[in-house]
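Inspection log for the structure reproduced underneath, given as structure tokens.
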Amino acid sequence: MSLLLRRNLLPSLLSSAQGFSHSMRFRHLHTTILRNRTITDGQRQNTSQLFEPPANKPPARPSSSDFTHSDMVKCTIAIRHHMRKGQCDTALLLFNSMPRKSEVTYHTMISGYFSNGESNMAQQLFDEMPVKNLVSQCIMMKWNIKYNNLKAARLLFDELPVKDVVAWTTILTGYIQNGLMDEGKRFFDKMPDKDVFSWNTILSGYIQNGLLDEAMRVFDEMPVKNAVSWNTILSGYMQNGLLDKAKSVFDEMPVKDVVSWTTIIIGYARHGFGEEALQHFESMKQASIQPNELTMVGVLTACSHTGLIDKGKHYFYSMSQDHGIVPNICHYSCLIGLLGRAGHLDEAQNLMKSMPFEPNAVTWSTLLSACRVHGNTKLGEKAAEMLFDLEPWNCVPYVTLSNLYAASGRWEDVKKTRLKMKDQGISNRRGYSWVEVLNKIHKFSVGDFTHPDSESIRAFLEELYLRMKEEGYVSSTKSALHDVDEEEKQHTLKFHSERLAVAYGIMKTPSGRPVRIFKNLRVCEDCHMAIKHIAKIAGRLIILRDTNRFHYFEGGVCNCGDYW
DNA sequence: GTAGGGTTAG
């Protein structure tokens with residue numbers, strides 16, 4: 001590319017990137033020249049080390065080029081901006097027009113390509129790099145892990161001549177993301193250096209893998225904690241339904257940033273305590289912490305899960321004015337969910353039509369689940385059709401639609417939907433529930449009698465079933481398996497995984513204590529009704545976390561108000 | 001002043 005073209009092209013590419021003016025000029029200045037260097041000392045490189053001439057040498061001579069080091073940095077920053085906006089082609093034009101590139105420029109390009117899903121381009125640039133250093137290898141390790149190739153990442157790691165704490169932590173993340181906590185812990189113990197990042201990684205690993213007690217121990221052991229550590233343990237308590245502990249951590253934490261506030265707001269929202277969530281939102285503003293897009297998702301979720309329609313609308317429509325946050329598709333989906341769940345399906349649909357985005361899978365799923373709650377088969381069909389296209393691998397729209405048909409007795413359509421699902425090679429995701437008793441997780445699937453205490457669980461459930469019927473419980477078999485007879489349906493429902501877990505939890509924990517159940521799917525309608533009765537009969541608070549929210553069953557009611 | 005690891009979402 002000619003210098004002339006470069007002169008013309010560069011300023012326009014630079015100025016189109018956010019935050020850059022036309023003021024950049026190529027100057028004839030004494031300049032430092034990039035000395036490509038591999039990292040050999042195991043120390044973290046900082047850029048000044050890379051670009052500044054050694055103090056004991058005379059200043060670098062003027063470059064023959066008029067492209068200074070400062071110009072190179074400015075181009076690199078512009079490339080980063082283009083990449084963040086998804087403008088890979090513009091970034092590449094700018095990259096190609098640069099007379100010289102630093103390692104940082106390459107890294108910015110490679111990471112940018114990976115983030116935009118262009119892994120082939122990223123790999124190509126990586127191969128073209130004249131000198132690769134530890135950072136280059138770390139980028140490749142990270143993306144191998146993201147693309148589920150931990151083995152390749154580990155190979156790169158093993159081949160590194162010198163490893164620093166970032167490299168170690170990258171691989172640690174790989175183990176954690178693959179659920180390999182034992183290997184992860186062994187790896188962590190072997191690390192020659194640990195900093196607050198690596199401690200936070202192992203902490204979040206335990207939380208992501210559901211090992212809260214281990215996480216609590218790590219949190220206590222940590223030699224250094226920062227706000228990220230506090231936020232991690234806070235979200236851990238929230239995810240596990242320990243609202244009181246979460247609240248006391250929140251009150252205790254030395255610094256509350258936007259993530260802390262957002263975590264507690266989302267936590268209260270998911271537990272169905274909308275008012276508390278909104279109170280925290282008000283306190284957050286009082287504390288002069290600016291909400292971000294996610295905070296507003298939390299606020300709208302709070303309104304949605306508690307049925308606060310007017311408040312939800314108010315927050316949605318004042319977002320941009322009060323906080324300078326333009327509603328994105330998540331915010332629209334929240335409001336659509338709020339309206340839909342409250343039965344305002346027409347309004348929800350109109351909002352969907354008027355939004356400045358194409359509805360995505362989340363939007364349609366939200367609408368579909370509102371249709372399920374309100375038995376709107378026609379709209380449900382449309383939403384499900386859209387989801388078949390958008391997420392062809394997803395079994396949920398098939399199952400929901402089939403249940404919608406079953407609820408209105410359209411057995412032929414049920415059959416067709418199940419058949420279509422089968423033809424697509426999609427199988428129903430297996431549901432299971434688990435409960436923690438004495439630091440041990442007990443996992444159950446439907447009709448699963450492999451547990452050593454199965455006989456007593458079964459007997460207990462039979463006994464509960466009789467008492468539930470006395471209390472007025474009628475099993476709702478309308479949307480359960482249609483191809484088995486009524487008695488068998490009831491039998492299957494009686495031993496759904498959540499009921500086995502609830503029964504075991506009640507049997508094995510001291511009376512008066514809450515029972516905490518987790519389920520990997522949304523709780524079924526009949527079990528929801530049954531657990532309301534069970535909570536009353538057993539005199540227990542039963543807290544059930546499904547994929548959507550927490551349900552608090554107490555005294556015959558659930559705090560979701562039967563909308564979920 | 002630009003590049004690699006940790007926190008909040010449905």
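First the proteins, then the strands, lettered A, B, ... as listed; each starts at 1.
- Proximity of M355(A) to T363(A): side-chain heavy atoms (C-beta onward) are separated by under 4.5 Å at one or more points.
- Side chains of S433(A) and F518(A) form no contact here, defined as non-hydrogen atoms less than 4.5 Å apart.
- Rounding to whole angstrom units, CZ of residue R545(A) and P of dG10(B) are separated by 11 Å.
- With rounding to whole Å, I265(A) atom CD1 is found 20 Å from dT7(B) atom P.
- Within 4.0 Å (heavy atoms only), V297(A) reaches no atom of the nucleic acid at all.
- Among the nucleotides dG1(B), dA3(B), dA9(B), the one closest to the side chain of I266(A) is dA9(B).
- Taking only side-chain atoms of T169(A), from C-beta outward, the nucleotide of dG1(B), dG5(B), dT2(B) with the closest atom is dG5(B).
- Here D251(A) pairs with K247(A) in a salt bridge; the nearest charged N to carboxylate O distance falls below 4.0 Å.
- You'll find that the side chain of K142(A) is closest to dG5(B), out of dT7(B), dG5(B), dT8(B).
- As a whole-Å value, the separation of K132(A) NZ from dA3(B) P is 21 Å.
- Listed candidates were dT7(B), dT2(B), dG4(B). Nearest to the side chain of V228(A) is dT7(B).
- For L134(A), counting side-chain heavy atoms from C-beta on, the closest listed nucleotide (dG4(B), dG1(B), dG10(B)) is dG4(B).
- The separation between R341(A) atom CZ and dG10(B) atom C1' is 10 Å, rounded to whole Å.
- Distances were taken from every side-chain heavy atom of R80(A) (C-beta onward) to each of dT7(B), dA9(B), dT2(B); the shortest belongs to dT2(B).
- At a threshold of 4.0 angstrom between heavy atoms, the contacts of S198(A) include nucleobase atoms, whether or not backbone atoms are also involved.
- As a whole-Å value, the separation of N328(A) CG from dG10(B) P is 13 Å.
- Minimum atom distance to the side chain of A167(A) is reached by dG4(B), of the listed dT7(B), dG5(B), dG4(B).
- When heavy atoms are screened at a 4.0 angstrom cut-off, D257(A) is found touching no nucleic acid atom at all.
- For dG6(B), the base has a donor-acceptor partner in the side chain of N226(A) [N/O atoms by modelled type, under 3.5 angstrom].
- N200(A) CG to M222(A) CE: the interatomic distance, rounded to the nearest 0.5 Å, is 4.5 Å.
- Using a 4.0 Å cut-off, no side-chain N or O of Q208(A) falls inside it from OP1 or OP2 of dG6(B).
- Within 4.0 Å of T263(A), counting heavy atoms only, lie sugar-phosphate atoms of the nucleic acid but no base atom.
- Ring geometry for W261(A) against F250(A) counts as perpendicular: the plane angle is over 60°, on a 0 to 90° scale with 30° as the lower cut.
- Donor-acceptor pairing under 3.5 Å, judged by distance alone, is absent between the side chain of T170(A) and the base of dG5(B).
- Dashed line: the shortest gap from a side-chain N or O of S204(A) to OP1 or OP2 of dT7(B) is under 4.0 Å.
- Between L401(A) and A384(A), the closest heavy-atom pair is CD2-CB, 4.0 Å.
- Between R270(A) and dA9(B) there is no side-chain polar atom (N or O) within less than 4.0 angstrom of OP1 or OP2.
- Remark: P of dT7(B) and CZ of F219(A) are 15 Å apart, rounded to the nearest angstrom.
- Nearest to the side-chain atoms of N200(A) among the listed nucleotides dG4(B), dT2(B), dG6(B) stands dG6(B).
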